[in-house]
Every structure is written in structure tokens, then in C-alpha cells.
Amino acid sequence: MPQVKFWNPALTYQKLKPEIDAAIQDVLSSGNLICGYGGYVEKFEKEFADYIGVKHCVMTGAGTHALYLAYKALGLGPGDEVITTSMTFIATIDQIVAVGAIPVLVDTGDDGLIDPEEVKKVRTSQTKAIVPVHLEGKLCHTSALYGRIHSPEQFDPYIIEDAAQAIGASGERFKAGNLGHAGCFSFYPAKLLGGLGNSGAITTNDDKLAARLRDMRSNGRIGKNPDIENAEYGTNMEPDNIQAAVLSVKMKYLDSFIKRRQEIAKIYDEGLKDLPVILPLKQEGRVYQDYCIRVPERKAELVEHFKKNDIEILGHNLIPNHFYPKLNLKFNLPKTEQYIREQIRIPCNENLTNEEVEYVIKNIQNFFPR
């Protein structure tokens with residue numbers, strides 16, 4: 001069998017080629033290449049806000065930009081503590097440092113998601129924000145669990161959702177990105193809704209925050225902003241209309257992408273259930289950005305077995321963020337460390353055939369003695 005790819009953006013493009021090519025040509029022919037001049041950025045922002053169920057979507061040049069702007073626009077800065085998890089891409093943490101604030105990392109539960117009880121233990125009067133990370137397409141918790149982080153009369157910290165890996169995930173009362181003050185998304189090509197390059201977005205129901213985010217992504221609009229008294233420094237984190245045009249096309253297929261990944265996950269769940277591996281959390285509304293198995297024993301051998309059989313995997317060689325000495329993140333997070341030590345992300349993209357999925361299952365079954 002040919003290599004089973006972890007993700008296959010070229011195949012997605014071939015399937016949607018007529019629509020994607022037409023959208024790109026429309027942008028090029030119009031001459032409206034970047035946001036602020038009409039076109040696909042505004043169109044996509046409206047579509048994505050409607051999909052998430054919020055009033056505003058502010059598109060950015062990257063998912064990292066979304067985090068930085070959300071932190072900055074909400075006023076996080078020197079002396080402010082921001083509680084989050086080490087079980088995330090480093091951007092969640094390094095953008096806290098970028099605005100001058102202090103990252104406070106807490107351990108996860110057994111599910112690999114931030115533990116609300118651990119959050120309560122470290123919260124202080126200096127806590128300015130909490131950043132839950134919806135990992136691998138899982139939701140951190142329902143809105144009821146937010147009540148365990150804070151009581152209604154003490155809604156002091158900002159809640160900024162890092163939903164980069166959870167586009168379309170939904171829980172009892174909310175969809176990722178519509179709970180709290182802001183939701184941050186990534187449209188990196190490998191994401192469920194991925195562009196032809198980098199872009200991201202911030203979602204919010206706060207009118208003033210949305211307006212400030214739009215100004216800040218465009219150098220504060222100094223020189224174009226008639227409100228001289230309130231104009232402030234920003235930066236250039238604008239998106240391009242070509243990326244927005246491609247995402248607008250792919251938005252039409254997002255639910256079908258999610259459904260296919262959920263179907264693949266069910267096949268994996270059934271085929272791997274009796275093996276000595278820990279299967280992913282089953283959660284209603286999960287979107288399976290990743291299907292991550294945990295292998296407590298013989299993981300290195302299994303990794304080599306995948307390579308020999310042309311099965312592309314990821315996540316098997318990650319180092320916890322707080323282990324990097326020069327980042328100066330000195331935290332004791334045993335559950336996080338165990339999860340990362342044991343994990344392997346196996347292919348679970350919407351382009352996989354059932355034959356390819358069964359091939360992956362058979363290879364795992366053959367590896368472990370019965």
C-alpha cells in the first residue's frame with residue numbers, strides 16, 4: 001500500500017480545485033488583496049462568526065497573531081498572571097510573555113486537558129486571565145465547569161479560549177470560541193479548516209473589544225483614525241483576501257470534514273479497543289483534529305513499526321514546553337509529562353479511505369502479541 005499520510009492538503013485541493021481556483025482568480029481580478037478594502041476577509045469573518053455563534057470574528061495573519069492581539073487588547077501586561085497549560089503549542093504561552101505577562105502553568109487531568117481544580121489552587125489576586133486550551137478537537141469542559149474556576153460573583157479573570165485545535169467542537173451549551181471573552185483560532189494548513197498558508201481569527205461578543213482588535217491588527221490605524229485621543233500603537237497582523245477566499249470555500253465543507261473524521265475515529269475505537277493502548281477521550285461534539293493514542297509500553301518500537309510500514313505519524317517525539325531551560329518555565333506537571341511521553345498521533349484526516357484506516361489498525365494489531 002502507498003504511504004498513509006497524516007494529512008494531505010494536495011488531495012483536498014484537487015477535490016475542491018474548481019472552486020478554490022475561481023475564488024483566487026476573483027481576488028486577483030478585483031485587485032482587493034488585503035483586508036480593509038472590501039472582499040473576502042469581511043465575507044469570511046461574517047461566515048465564521050455565524051458558524052461559531054458569536055457577534056464578531058476578527059481575522060488575523062496567523063493563529064499566533066490571534067493570541068497576541070487577544071492578550072494585548074484585553075490589557076494583559078507586566079505583573080499580570082495568566083493561567084494556562086503546558087499541554088499546548090508554545091504560542092499559547094510565548095504570546096503571554098510577548099505582552100509582558102507571566103505564564104502560570106497547571107497540570108492536566110487524565111484527559112490531557114487543563115484541570116479546573118488545579119487552576120483554583122494557583123489563582124491569586126494577580127490572575128488577570130485564564131486560557132483553557134481545547135486540545136486535539138476536545139473541549140476543555142462544559143460551561144458548568146467554568147463555575148469551578150470562578151464563582152459568578154467573582155468573574156474577575158478574562159477567559160480566553162485557545163480553540164486552534166477545536167474548530168467546530170461543541171458541548172452542552174457552547175461551541176469552541178463562543179464562551180468567555182475571546183476565542184482564538186488557527187487556520188494553519190494542517191488544521192481542520194486550513195488555508196493555503198497561515199491565518200487565524202479571534203471571536204467575541206464584545207463590540208468594543210472587536211473594534212479594538214480591528215484597529216490593533218492594522219497598526220492602530222494611526223493616520224486613518226479620526227479619534228486622535230484614543231488612537232494607540234498596534235502592529236501589522238492583517239490577513240490576506242486570498243487566504244480568506246480559500247477558507248470561505250472550505251467553510252462549505254467543514255461539517256462534512258468533521259463528520260468523516262468522527263467516522264474514522266469510530267472505526268479506530270472499535271479496531272483498537274482490545275489492545276494495550278489508551279484510546280482518545282470520547283466526547284460528544286469532539287471534532288478529532290487529532291486521533292492520539294497513548295502507548296505506555298514499547299512506544300519507541302511501535303514508532304519504528306509505523307515507519308517501516310509507511311504510516312505517517314506525528315507527536316511521538318514532543319518535549320513538554322516547560323522542559324526547555326531557556327524558556328524558564330519551571331513547573332512540576334506529572335500528568336502532562338506522562339501524556340506527552342506516551343502519545344502518538346495516528347492519521348485521521350478526512351481524505352483517508354476505509355482501506356487505509358483498516359491498514360493502520362491491522363499494523364497496530366500485528367505489533368502487539370495476542
Side-chain angles (χ1 to χ4, degrees), residues 9 12-13 15-70 73 134 161-170 175-178 182-207 209-218 221 234-258 287 289 350:
T12 300
Y13 168 65
K15 289 179 177 180
L16 303 179
K17 187 178 189 300
E19 292 178 79
I20 289 175
D21 286 356
I24 292 173
Q25 287 301 315
D26 190 36
V27 173
L28 296 177
S29 298
S30 73
N32 294 330
L33 302 181
I34 58 174
C35 72
Y37 294 91
Y40 279 97
V41 168
E42 289 81 356
K43 179 179 184 291
F44 175 74
E45 287 179 337
K46 176 65 166 59
E47 292 169 345
F48 195 71
D50 289 345
Y51 182 80
I52 298 300
V54 293
K55 293 172 67 176
H56 304 283
C57 166
V58 180
M59 194 176 174
T60 62
T64 300
H65 294 174
L67 289 162
Y68 175 84
L69 289 174
H134 304 305
E161 299 174 68
D162 184 335
Q165 294 190 10
I167 292 171
S170 59
K175 187 175 279 190
N178 76 0
C184 297
F185 292 88
S186 168
F187 306 123
Y188 179 77
K191 295 294 192 289
L192 249 167
L193 182 61
L196 299 185
N198 266 318
S199 57
I202 307 158
T203 54
T204 184
N205 285 310
D206 187 321
D207 297 342
L209 176 60
R212 189 171 187 216
L213 288 166
R214 293 185 194 283
D215 283 349
M216 289 182 65
R217 77 176 175 187
S218 302
R221 296 191 63 78
T235 186
N236 185 352
M237 295 184 171
E238 294 179 341
D240 299 324
N241 270 320
I242 284 180
Q243 293 300 337
V246 172
L247 291 170
S248 186
V249 170
K250 295 180 77 173
M251 270 290 297
K252 296 184 290 185
Y253 301 94
L254 177 56
D255 284 341
S256 67
F257 294 165
I258 290 171
V287 295
Q289 170 64 50
E350 60 276 2

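The model shown is predicted, which means the values in this text are computed figures rather than measured ones. Just so it is clear, the values below take in all heavy atoms, side chains as well, and ignore hydrogens, waters and symmetry mates.
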Between the main-chain N or O of [Y] and the side-chain N or O of [X], is there a donor-acceptor pair closer than 3.5 Å?
{"X": "N241", "Y": "G39", "answer": "no"}
{"X": "E45", "Y": "M59", "answer": "yes"}
{"X": "D215", "Y": "R212", "answer": "no"}
{"X": "E350", "Y": "S256", "answer": "no"}

Spatial distance of atom [atom1] ([X]) from atom [atom2] ([Y]) [nearest 0.5 Å]:
{"X": "L69", "Y": "R214", "atom1": "CG", "atom2": "CZ", "value": "12.0 Å"}
{"X": "D240", "Y": "N198", "atom1": "CG", "atom2": "CG", "value": "11.0 Å"}
{"X": "D162", "Y": "C184", "atom1": "CG", "atom2": "SG", "value": "6.5 Å"}
{"X": "Q289", "Y": "I167", "atom1": "CD", "atom2": "CD1", "value": "7.5 Å"}
{"X": "L247", "Y": "K191", "atom1": "CG", "atom2": "NZ", "value": "12.5 Å"}
{"X": "I34", "Y": "I242", "atom1": "CD1", "atom2": "CD1", "value": "12.0 Å"}

Legend entry - side chain to side chain donor-acceptor pair (under 3.5 Å) assessment of E161 paired with H134: CA-CA 8 Å; E161 299 174 68; H134 304 305; 2.8 Å; yes

Which heavy atom of [X] sits nearest to which heavy atom of [Y], and what is that distance?
{"X": "L209", "Y": "A73", "result": "CD1-CB, 3.7 Å"}
{"X": "V27", "Y": "A245", "result": "CG2-CB, 3.7 Å"}
{"X": "A66", "Y": "T60", "result": "N-OG1, 3.7 Å"}
{"X": "A176", "Y": "A166", "result": "CB-O, 3.5 Å"}
{"X": "T203", "Y": "V54", "result": "CB-CG2, 3.8 Å"}
{"X": "E238", "Y": "R217", "result": "CG-O, 3.4 Å"}

Inset, instruction - Evaluate the criterion side chain to side chain donor-acceptor pair (under 3.5 Å) for residue pair Y13 and D21; output intermediate values, then yes/no. - result: CA-CA 9 Å; Y13 168 65; D21 286 356; 2.7 Å; yes

Inset, instruction - Just do the side chain to side chain contact (heavy atoms under 4.5 Å, CB included) check on I202 and H65 with the steps written out, would you? - result: CA-CA 9 Å; I202 307 158; H65 294 174; over 6 Å; no

[X] side chain to [Y] side chain, donor-acceptor N/O pair below 3.5 angstrom:
{"X": "E47", "Y": "S248", "result": "yes"}
{"X": "Y51", "Y": "D255", "result": "yes"}
{"X": "N205", "Y": "H56", "result": "no"}

Inset, instruction - Sequence neighbours left out, what passes salt bridge (charged side-chain N to carboxylate O under 4.0 Å, His left out) with D26? Give chain and number order. - result: none

Inset, instruction - Decide yes or no for L196 and Q243: does some side-chain heavy atom of the first lie under 4.5 Å from some side-chain heavy atom of the second? - result: yes

Legend entry - Ion pair check, E19 and K250, cut-off under 4.0 Å: no

Legend entry - Ionic contact status for E42 with K46, cut-off 4.0 Å: no

Legend entry - For F48, all residues meeting ring pair (Phe, Tyr, Trp, His ring centres under 6.0 Å), sequence neighbours excluded: F44, F185, F187

Legend entry - Residue that, paired with Y253, satisfies side chain to side chain contact (heavy atoms under 4.5 Å, CB included) out of L193, L16, I258: L16

Inset, instruction - Tell me, with the steps shown, if K55 and D207 meet side chain to side chain contact (heavy atoms under 4.5 Å, CB included). - result: CA-CA 8 Å; K55 293 172 67 176; D207 297 342; 2.8 Å; yes

